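Not measured: the values here are computed from a predicted model.
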Amino acid sequence: MNTFVTFTILGLVLGSVYAIAASGLVLTYNTSGIFNFAHGAQAMLGAFIYWQLRYGWELPTVVALLISLVLVGPLMGLGLYVLIMKGLRDTAEVTKIVVTVSILLGMLSISHWFWHPETARTMQMFFGDQSKITVFGASIRYHELICILVAIAIAVGLRILFTRTRAGVAMRGVVDDPELLRLNGHNPERLAALSWAMGSTLAVLAGILITPISGGTLEANMLTLLVIDAFAAAMFGRLRSILRTFVGAVVLGLAGTYVLAYFPTSWSWTSNFRVSLPMIALFVVLIVLPQDRLRGAVTRTRERYHVPSVRKAVVWGVALIVIVYLIRLLMVTSAVTTLTIGMTFAIIALSLTLLTGYAGELNLAPVSFGAIATIVAFHFGISGSGLAAHLNLWGIVVGVLVTAVIGGLVALPALRLRGLYLALATMAFGVFLSNMVLRDTTEHEMFGMKYSLFKDGNIALPPLKIGPLDLSNETVFLMTVTALFSVLGVGVIALRNSGYGRRLAAMKDSPAGSAMLGQSLVRLKLSVFMISSGIAGLGGILMSSAMGSVSGESFAIMVSLSLLMLTVVAGIGYVTGALFGGLMAGIGFAVIMVSFTNLASAQPELEGMWLLLGNIAAVSPALIGIGVGANPSGTVHSVIEGYRRLTDARPVLIGGAAVVLLTYVLALTGVLGNWWFASITIAVVFMLPVIGEMVMPRAVLTPEELAAKATVVPEDVGIDVPYSPEIRDEIDRELGIPQYQGGSPKELTAHV
């Protein structure tokens, strides 16, 4: 009986903290329609700030709490909404998700910047660990009692706010029809900002309360994922009901503690199962709860993608192989391996181009499917032993097929899910895989055979060898992966240009319309999930082989989220976006950070400056991801559109190519360093459209743009310069006439 009471109290305490965190999620979603994936990171950052105030600067507990909850929490939420969130109303679901994921990753980088992860930090319970009372023979600390009471107060308070107050009812209407709400005398933006401030405060409170309960150690990644467990409670209430959210959080907390109390100690997987339980619950809740009906009329978003022809794709695929080979001639052996790893990440990112860019389906755990393929290839695809060990073709084929099948099995119950629900389901699968499978290092026995899924926590996957093709050579490995990416990229584009690809596009634009035309949405979703999972599995095998040895951290959910973010930033609707996103996620920013660290070691007198730049580089991917709301089609789209305008400006294109070729020759002969070559090349690629506008404006700009840029001479209007609203306003300013609101050329002539 004492055991039951003890673990019940512990479950209620844990569930209370989940309820506090989940209530903040419900609050922000109800007013903005944006699910805040950074909620756990806000809790983490708030806990670190509280630790700095209370233990770092030794302020009184009450003062530290007041600053954290009255100042830091509200300002954090208010700043996020005003600067970022309110600009995401007319973007696709994937863009909203990526922006909040970027905030999550940025907050993690900031915490590592200001609080070094290798330094131990702990937080004590309020009133100390020994301050407690006895309830039914079991002890409950004051801190734990505070958690329960605060959670009840927040649940009751939010319930009253949403149902009994004018402001609360107005908050619920912000996301549905802000214009109608404005007509009733409310300010939707102010209400949404208020809810984000309140939600952020609840996240900070949850982070401060849960840290001492979970052991007291402050660790950024662990604390972020711990609060993410509250996602299941929020979905139990369907992001609407505070009462159901509270009940779901309590059930989740009790279930976790009862697993520890009553599962047999001989079960080696009990601890992993308890950690995975919130994600299992999240997946089950998403499947069981009723979903919204199919979308008919679709809100037009700002994402725009251009699919090239297969012929152009083949040309660019060959060009990529040639370019990579030329770059290889400049690189040392270690750099070749690094670039190879980046190309394998690009293959994994290619699975997102097909699934999300073309079909509109979301997967937040692509690298997790790479982990599945790696495990299968490790157990069934290695020939030889010792230094003669190599990966065979059978291992790759089986790994890809098994991953495709598992991708279909994961997608099968999730076929009725769309948008946010599907994203959360795939995220739940990825976290479950990391906690339950990749942590399984014990030896098992089945049918007289002994095996271990992730032996010793590491997997060493040797290079592939098929006849004369031996990937133990770094250059051969790099060129093989590059050629494979090119072939897959052409295949994906060919698939998009086929009838199957057009059906995927129709399903993305309007599932209801696609179903009415006789398309089987179940078959389409299942098939595209399986193909995408197989591509991710192939990339995962090659990534593990290029790295040589991988651990569970190599496939963590944060790696998947970073890859998704950078692919969307580059342009998830483009194969080129997958290339740049994969390269940046796999090696790009890591190489930049290592370079700054090496510079700091080589130049001690400038160490502070180089370390500062390194930390800025660590945060920069998140800053770029946050900015995707302003350019939801991606960087590649902007570059492509810029080069489309240079079609008639061939001298500019030839000049840019000549500069790149010249710097390459200088780098190849050792006159220029490789970093100078890379920097100049990147600058030329991105600046060439701008240079074209400056050097050959008449060949690049439209007549309207030329007229807007030119200094207007009133006598030329209607002769050399066409009429436009901008010209009209400029004439009014030149002549000192108040702004005229007419519009036709006849009216404009009479006015002038």
Side-chain angles (χ1 to χ4, degrees), residues 315-346 471 473-486 546 566 570 576-577 579-603 606 609-610 613-614 616-617 620-621 624 635-636 639-640 642-643 646 649-692 694-695:
V315 172
W316 282 109
V318 173
L320 174 65
I321 296 173
V322 174
I323 291 171
V324 170
Y325 180 76
L326 293 176
I327 293 175
R328 162 63 188 98
L329 299 178
L330 301 176
M331 304 172 72
V332 297
T333 301
S334 59
V336 173
T337 301
T338 302
L339 181 57
T340 303
I341 295 172
M343 290 300 303
T344 61
F345 269 90
L471 300 191
N473 181 281
E474 292 82 3
T475 301
V476 174
F477 202 162
L478 172 62
M479 299 312 302
T480 300
V481 172
T482 303
L484 190 58
F485 176 86
S486 298
L566 290 170
T576 318
L579 174 63
F580 287 112
L583 288 174
M584 295 309 295
I587 61 170
F589 290 101
V591 170
I592 294 172
M593 291 170 60
V594 169
S595 299
F596 282 123
T597 302
N598 293 337
L599 287 171
S601 301
Q603 302 178 24
L606 299 176
M609 182 191 72
W610 293 125
L613 293 175
I616 293 174
S620 58
I624 295 172
T635 305
V636 170
V639 173
I640 290 175
Y643 275 87
L646 295 180
R650 293 188 181 277
V652 176
L653 292 172
I654 295 172
V659 170
V660 173
L661 181 61
L662 176 61
T663 53
Y664 175 80
V665 172
L666 293 176
L668 190 64
T669 56
V671 177
L672 280 180
N674 291 346
W675 277 108
W676 277 108
F677 165 69
S679 301
I680 293 173
T681 300
I682 293 172
V684 169
V685 169
F686 284 97
M687 290 300 296
L688 207 59
V690 179
I691 296 172
M694 297 170 58
V695 176

**Item:** Pairwise side-chain hydrogen bond (donor to acceptor under 3.5 Å, both in side chains) hits with a residue in residues 649-661, at least two apart
**Value:** none
**Prompt:** Distance from Leu646 atom CG to Leu688 atom CG, nearest 0.5 Å?
**Reply:** 5.5 Å
**Message:** Tell me which pairs pass side-chain hydrogen bond (donor to acceptor under 3.5 Å, both in side chains) where either residue lies in residues 319-328, with sequence neighbours left out.
**Reply:** Arg328-Thr475
**Message:** How close do Ala570 and Gly577 get, counting heavy atoms only, and between which atoms?
**Reply:** CB-O, 3.4 Å
**Request:** Measure the shortest side-chain to side-chain distance between Thr681 and Tyr664 over non-hydrogen atoms and say whether it is less than 4.5 angstrom.
**Result:** no
**Message:** Within this structure, what is the CG-CE distance for the pair Leu326 and Met331, rounded to the nearest 0.5 Å?
**Reply:** 12.5 Å
**Prompt:** Which value, rounded to the nearest 0.5 Å, describes the distance between Ile321 atom CD1 and Leu478 atom CG?
**Reply:** 11.0 Å
**Prompt:** Any side-chain heavy atom of Leu339 sitting closer than 4.5 Å to one from Leu583?
**Reply:** yes
**Request:** Check each of Leu320, Ile323, Val322 against Thr482 using the side chain to side chain contact (heavy atoms under 4.5 Å, CB included) test, and report the only one that passes.
**Result:** Leu320
**Message:** Once rounded to the nearest 0.5 Å, what's the spacing between atom CG of Leu579 and atom CZ of Phe345?
**Reply:** 14.0 Å
**Prompt:** Under 6.0 Å from the CZ atom of Phe477, do we count more than 12 heavy atoms belonging to anything else shown?
**Reply:** yes
**Thr340 side chain reached by Glu474 side chain, heavy atoms, under 4.5 Å** = no
**Asked** What is the minimum heavy-atom distance between Phe485 and Ala346, and which atoms define it?
**Response** CE1-O, 3.5 Å
**Minimal non-hydrogen separation, Val660 against Phe677, with atom names** = O-CE1, 4.0 Å
**Message:** What's the separation between atom CE in Met343 and atom OG in Ser486, rounded to the nearest 0.5 Å?
**Reply:** 6.5 Å
